[in-house]
Q: 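Here you go, one structure.
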Amino acid sequence: MDATITLIVNGQKRTVVTDPERPLLEVLREDLGVMGPKYGCGEGRCGACTVLMGGQRALSCVTPVGSANDKEITTIEGLADGDRLHPVQKAFLDEGAIQCGYCTPGMILSAVALLEENRRPTDEQIVEWMNGNICRCNGYAKILNAVRRAASQIKEVKRS
Ligand code: FES
Ligand code: FES
């Protein structure tokens with residue numbers, strides 16, 4: 001049975017009437033036109049659909065939209081502050097860590113979630129955390145550099 005579900009998507013309140021069991025990813029893309037989160041495997045194994053839900057990393061392809069009711073959802077579209085990119089976005093650009101770009105929104109959201117939890121991750125911690133995000137272009141070395149760079153820049157911002 002359909003239900004009325006309210007999502008706070010990138011700071012905007014959005015309401016949908018839908019089956020609460022539908023994947024959050026499908027509702028974001030098809031009902032709300034939020035195209036940043038990507039469909040990869042559809043079964044929680046590639047990370048392309050990663051978003052932040054209530055500040056925590058979530059795989060939106062396996063998250064029933066009903067469980068997101070009244071929660072803040074952040075997608076790649078909501079990271080920049082006006083024209084100012086989020087430090088993780090900027091680091092991915094600066095390190096050339098984007099090839100076809102399909103994995104990039106999920107990678108960036110995963111990295112943001114990591115740096116929220118751990119501002120000084122070791123390389124091992126970065127690799128372990130990002131393990132669920134697959135890059136079919138095999139850009140892992142540059143992605144690691146980008147997360148490292150973002151971590152150091154966030155530290156500098158915090159210090160100044
Ligand atoms: S599309 Fe969600 S984990 Fe692959
Ligand atoms: S940049 Fe192509 S899948 Fe990662």
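For ligands, and for the atoms within them, numbers begin at 1 and follow the listed sequence.
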Q: Do S110 and N133 get their side chains close enough for a donor-acceptor pair, meaning under 3.5 Å?
A: yes

Q: Closer than 4.0 Å to some heavy atom of C137 - which atoms of ligand 2 meet that?
A: 1 (S), 2 (Fe), 3 (S)

Q: Look at atom 2 (Fe) of ligand 1 and find which of C49, C103, P37 reaches it with the closest heavy atom.
A: C49

Q: I need the atoms of ligand 1 closer than 4.0 Å to a non-hydrogen atom of C61, numbered in the order shown.
A: 1 (S), 2 (Fe), 3 (S)

Q: Among all protein non-hydrogen atoms, which one is nearest to atom 3 (S) of ligand 2, and what is the separation to 0.1 Å?
A: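 Result: R136 N, 3.2 Å.
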
Q: With a 4.0 Å cut-off on N to O distance, would you call D31 and R14 a salt bridge?
A: no

Q: Is C135 close enough that one of its N/O/S atoms sits under 2.8 Å from atom 2 (Fe) of ligand 2?
A: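 No, outside the cut-off.
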
Q: Is R149 paired with E95 through a side-chain N to carboxylate O contact shorter than 4.0 Å?
A: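 Judged by the 4.0 Å cut-off on N to carboxylate O distance, E95 and R149 do form a salt bridge.
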
Q: Heavy atoms only: which of M107, Q99, K38, K142 is nearest to atom 1 (S) of ligand 2?
A: Q99

Q: In this structure, does ligand 2 have an atom that sits under 4.0 Å from one of the heavy atoms of G139?
A: no

Q: With the 4.5 Å side-chain cut-off for hydrophobic clustering, are V147 and I154 part of the same group?
A: yes

Q: Could you measure the distance from the CD atom of E26 to the SG atom of C61? Nearest 0.5 Å is fine.
A: 11.0 Å

Q: Which atoms of ligand 1 have any heavy atom of R45 under 4.0 Å away?
A: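 Counting from 1, the qualifying ligand atoms are 3 (S).
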
Q: At atom 4 (Fe) of ligand 1, what is the angle formed between atom SG of C41 and atom SG of C46, rounded to the nearest 10°?
A: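 My answer is 110°, to the nearest 10°.
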
Q: Working to the nearest 0.5 Å, report the span between CE of M35 and CG of L28.
A: 10.5 Å

Q: Does a donor on one side chain sit under 3.5 Å from an acceptor on the other, for N10 and T74?
A: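 T74 and N10 do not have a side-chain donor-acceptor pair below 3.5 Å.
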
Q: Does R136 make a cation-pi contact with Y102, if we ask for NZ or CZ under 6.0 Å from the ring centre and within 45° of the axis?
A: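 Yes, R136 lies over the aromatic ring of Y102.
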
Q: With heavy-atom distances below 4.0 Å as the criterion, list the atoms of ligand 2 near G101.
A: 1 (S), 2 (Fe)

Q: Which ligand 1 atoms does G44 reach within 4.0 Å, using its non-hydrogen atoms?
A: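 Listed by number with element: 3 (S).
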
Q: May I ask you to check if any N/O/S atom from C100 comes under 2.8 Å of atom 2 (Fe) of ligand 2?
A: yes

